[in-house]
Amino acid sequence: MGRFQWFTCPRKDLSTGWLQCDPGPMFKPEHYYLGDWVPHWFPWKDVFLMPVQWHALALGLFASIIAPFGGFFASGFKRAFKIKDFGDSIPGHGGITDRMDCQMVMAVFAYIYHQSFISPHNFSVDAILDQILRNLTYEEQRNLYEQLGEMLGNLCKADKLAACL
C-alpha cells in the first residue's frame, strides 16, 4: 500500500489536493541484492523494499511471537494478588482487561519501537550544547572539549583540509 499516495500523503484538509506529496524516505523503495543468500534456482536476486515494510515485519513478528505472553504476565499478576479475574463485564471471560492483556503488551512495544526507530529526532547544535551544559560537570565538559579538539585535529591531518587552518 506504500506505493499509493492515498495512503502515504499526510492529510491537511478534506480536499483531494493533498494527494500530491513527497511521501518521505519511509515510503521510498530501497534496492537489496540477495545474491548468495538465496538458492540458485530462486528467481529474484534483486528486491526493492520500503523501510516501512521492515518496520511492519518487526511489529508483526513481535505481535505474533511475544505479545501472546501478555496473557501469562497478566495471569501471574492476578495470581500474585489472589484475584480470579479482572472483572465481570463479560460473563465467563474475566473482564475486558483479560481480553486486552496481549494488546497492552503490544501497545507498550509499539510505542517504544516508534519512539526509538521511526520518530524523527531533530537535534540542533543548541539543544545538544544545552544538554552538555546542564548534565556534565565542569571536568567532563573540559574532557569533552579536549577529545573533540583531538578528533578534529586528526581529521584535519588526515584530510589535509585548508578549512582546518
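Connection of Trp41 to Tyr33 is not established within any shared hydrophobic cluster, with ILVMFWY side chains joined at heavy-atom distances below 4.5 Å, either directly or through further cluster members. Both Leu49 and Val52 belong to a single network of hydrophobic side chains, linked directly or stepwise wherever heavy atoms of I, L, V, M, F, W or Y lie under 4.5 Å apart.
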For residues 58-71, which side-chain N or O atoms pair as donor and acceptor with protein atoms under 3.5 Å away, sequence neighbours left out?
residue : atom : partner : partner atom : Å
Ser64   : OG   : Gly60   : O            : 3.0
Ser64   : OG   : Leu61   : O            : 3.3

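By the 4.5 Å side-chain criterion applied to Ile, Leu, Val, Met, Phe, Trp and Tyr, Ile128 is assigned to a cluster that also includes Phe123, Val125, Leu129, Ile132, Leu136, Leu144, Leu148. Other cluster members for Leu133: none, since no ILVMFWY side-chain heavy atom sits under 4.5 Å from it.
Taking a 6.0 Å sphere around OH of Tyr138, one finds it holds 12 or fewer heavy atoms contributed by other residues, nucleotides or ligands.
Shown here are the side chain to side chain donor-acceptor pair (under 3.5 Å) partners of Gln53, two or more places apart in sequence or in another chain: there are none. Considering only residues two or more places apart in sequence or on other chains, Pro43 meets the side chain to side chain contact (heavy atoms under 4.5 Å, CB included) condition with none of them. Listed by chain and residue number, Tyr111, Ser119 satisfy the side chain to side chain contact (heavy atoms under 4.5 Å, CB included) test with Gln115 (two or more places apart in sequence, or in another chain). Pro29 pairs by the side chain to side chain contact (heavy atoms under 4.5 Å, CB included) definition with Phe48, Met50, not counting sequence neighbours. Residues that satisfy the side chain to side chain contact (heavy atoms under 4.5 Å, CB included) test with His55, not counting sequence neighbours, are Met26, Tyr113, Phe117, Ile118. Listed by chain and residue number, nothing satisfies the side chain to side chain donor-acceptor pair (under 3.5 Å) test with Asp36 (two or more places apart in sequence, or in another chain).
Every pair passing salt bridge (Lys or Arg N to Asp or Glu O under 4.0 Å) that includes a residue from residues 139-153 is listed here, sequence neighbours excluded: Glu139-Arg142. Sorted by first and then second residue, the salt bridge (Lys or Arg N to Asp or Glu O under 4.0 Å) pairs with a member in residues 105-131 read Asp130-Arg134; sequence neighbours excluded. Within the structure, every pair that satisfies the side chain to side chain donor-acceptor pair (under 3.5 Å) test and touches residues 43-52, not counting sequence neighbours, is listed here: His31-Asp46.
Trp54 contributes atom CH2, which lies 6.0 Å from atom OH of Tyr32 (distance to the nearest 0.5 angstrom).
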